[in-house]
Amino acid sequence: MPPVPGVEEPGRLRRLAGSAAIDIGPLRRHRDFRFLFVGQAASFFGSMVTYVALPYQTYQLTRSTLAVGLLSLAEFVPLMIMAFIGGALSDAFDRRRMVQIAELGSGLGIGILLVNALLSQPRTWVLFAVAPILAALYGIFRPSLDAMVPRLVTKEELPAASALEGFRGTLGEIAGPALAGIIIATAGLPIAYAIDAATYGISLAALWFMRAIPPPADAPPVSLGGIAEGVRYAWSRRDLLGTYAVDMIAMFFGMPMALFPAIAADFGGAGVLGLLYTAPAVGSLLATVASGWVSRVHRHGLAIIVAATVWGLGIIVFGLAADLWLALVSLVVAGGADMVSGIFRMTMWNQTIPDRLRGRLAGIEQVSYTSGPLLGNLEAGVVASLTSVRTSVVSGGVLCVVGVALAAVALPAFRLYDARTSRSDSPPVGAL
């Protein structure tokens, strides 16, 4: 019997839904990738609790949006320095061991924040002392973490693995901030920090059960020359430069999170603060669970440009929103666009960078996707202190859209990048 015009066949609908659903194949097929996924899911959830608690406590103690922005500045320098060093360490030593060391140090740092929060009069200077230490440890942690993934799955599975990593992060970004707002409002800041400290134990246990991930046989020792080699390689890849530039522009101008405590105060307080932090992650979740289509897109550079533009437009609407529901919807849209951009950035990086340079390039990537938010929070705080919160958010969104357009025009190799025809310096990678 022929199908009725205008009515989809059930089988075809199921196939379409299946092609859009996230691919969990890498989790089924690779043991160590499963351990990494579970451990980092727990650790990242705890980190997202502190991600809300730390700026909230800073604003609570100082009542200054500028102080919250300066907290990001305190994190910026150690993170930038250690990202390059951490990348070199990742290429020279066991990547799993480097992640273990960074996770252990971070857990101890959160313990200091917990002790400070238990004082009758918590010290603001402790926050500004511990935050740079945590940032430096993150500079060691993230390059090794990113460099591990291409060694745990096959090259063909990297788009799916990138989507799964995005999904894992999104779950943490939703559950962590949402619960952080409730925990802070009901149980207090010490409980929030205690939860984060406990999750590091889960992560360290998962890493313990994973096999070692030794450096490539031809990896150079840690040196300034080795770091410089990574920088020269990144500079020679104008397609990669576009991924760095667009993300930094989008995050520097369109990152209003330093203003969330002040915005939440206008909308209702600590409970609303959790919703503001959670809304972008909801958008990210929607993007990742329907990410089955990403493997069929080959113009990765153009996809990143479009996604970054949508991010900026979402931030503009957020800044103009007078109602909480519209503010949250705009953040959901922005978060979904940011996740799409992140999936394609990770895919370009993982599919084309040689394994011997993977750690150092992961360090450079970390500079691009963390310096933007850190400096963006500072920029947002400064502009808000000189003008108003609304002006800071809206002007940042506008400059984000303009900046992304200029970068797209200035970097044609990035704009025209096509995975089917563009260079790939990375040989096929098999799973361990």
Side-chain angles (χ1 to χ4, degrees), residues 51-52 54-76 124 127-128 131 173 177 181 245-270 272-281 283 308-335 337-338 341 368-407:
Y51 183 69
V52 176
L54 190 55
Y56 177 81
Q57 187 177 25
T58 303
Y59 186 74
Q60 183 185 53
L61 294 174
T62 64
R63 294 297 172 183
S64 169
T65 57
L66 179 60
V68 179
L70 290 174
L71 186 69
S72 292
L73 181 62
E75 297 170 326
F76 175 72
T124 303
L127 309 184
F128 280 85
E173 289 170 356
V246 167
D247 189 49
M248 290 180 70
I249 290 169
M251 294 297 103
F252 177 77
F253 291 116
M255 177 53 68
M257 289 188 178
L259 307 179
F260 280 4
I263 295 171
D266 291 336
F267 278 125
V272 173
L273 178 63
L275 293 177
L276 293 179
Y277 278 106
T278 301
T309 301
V310 174
W311 161 271
L313 294 173
I315 296 302
I316 293 172
V317 175
F318 171 66
L320 295 173
D323 298 317
L324 178 60
W325 70 266
L326 181 57
L328 294 175
V329 168
S330 63
L331 289 176
V332 168
V333 172
D338 186 47
S341 172
S368 76
Y369 61 68
T370 57
S371 63
L374 290 175
L375 292 178
N377 279 325
L378 175 61
E379 180 267 345
V382 170
V383 174
S385 66
L386 295 176
T387 58
S388 69
V389 170
R390 187 180 297 272
T391 299
S392 177
V393 176
V394 174
S395 63
V398 171
L399 290 173
C400 166
V401 173
V402 173
V404 169
L406 292 175

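These numbers come from the heavy atoms of this one structure, side chains and all, not from hydrogens, waters or symmetry mates.
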Minimum-distance pair of heavy atoms, taken over all atoms of [X] and [Y]:
X      : Y      : answer
Leu259 : Ala380 : CD2-O, 3.6 Å
Gln60  : Arg63  : O-NE, 3.9 Å
Ser392 : Ala384 : CB-N, 3.7 Å
Leu331 : Ala279 : CB-CB, 3.6 Å
Phe267 : Ala322 : CE2-O, 3.7 Å
Cys400 : Ile249 : O-CG2, 4.0 Å

I need the [X] [atom1] to [Y] [atom2] distance, nearest 0.5 Å.
X      : Y      : atom1 : atom2 : answer
Leu71  : Leu66  : CG    : CG    : 11.5 Å
Met251 : Met257 : CE    : CE    : 8.0 Å
Trp325 : Ser330 : CH2   : OG    : 9.5 Å
Phe128 : Leu54  : CZ    : CG    : 8.5 Å
Asp266 : Arg390 : CG    : CZ    : 9.0 Å
Trp311 : Asp338 : CH2   : CG    : 5.0 Å

[Y] side chain reached by [X] side chain, heavy atoms, under 4.5 Å:
X      : Y      : value
Ile263 : Phe318 : yes
Leu399 : Phe252 : no
Tyr277 : Pro55  : yes
Leu61  : Leu127 : yes
Tyr59  : Leu273 : no

Checklist entry - Knowing that exactly one of Leu276, Ile315, Val389 qualifies, which makes a side-chain contact (heavy atoms from CB on, under 4.5 Å) with Pro256? => result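 Of Leu276, Ile315, Val389, side-chain contact (heavy atoms from CB on, under 4.5 Å) with Pro256 is met by Ile315 alone.
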Checklist entry - For the side chain of Thr58 and the backbone of Val68, is there at least one donor-acceptor N/O pair under 3.5 Å apart? => result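 No.
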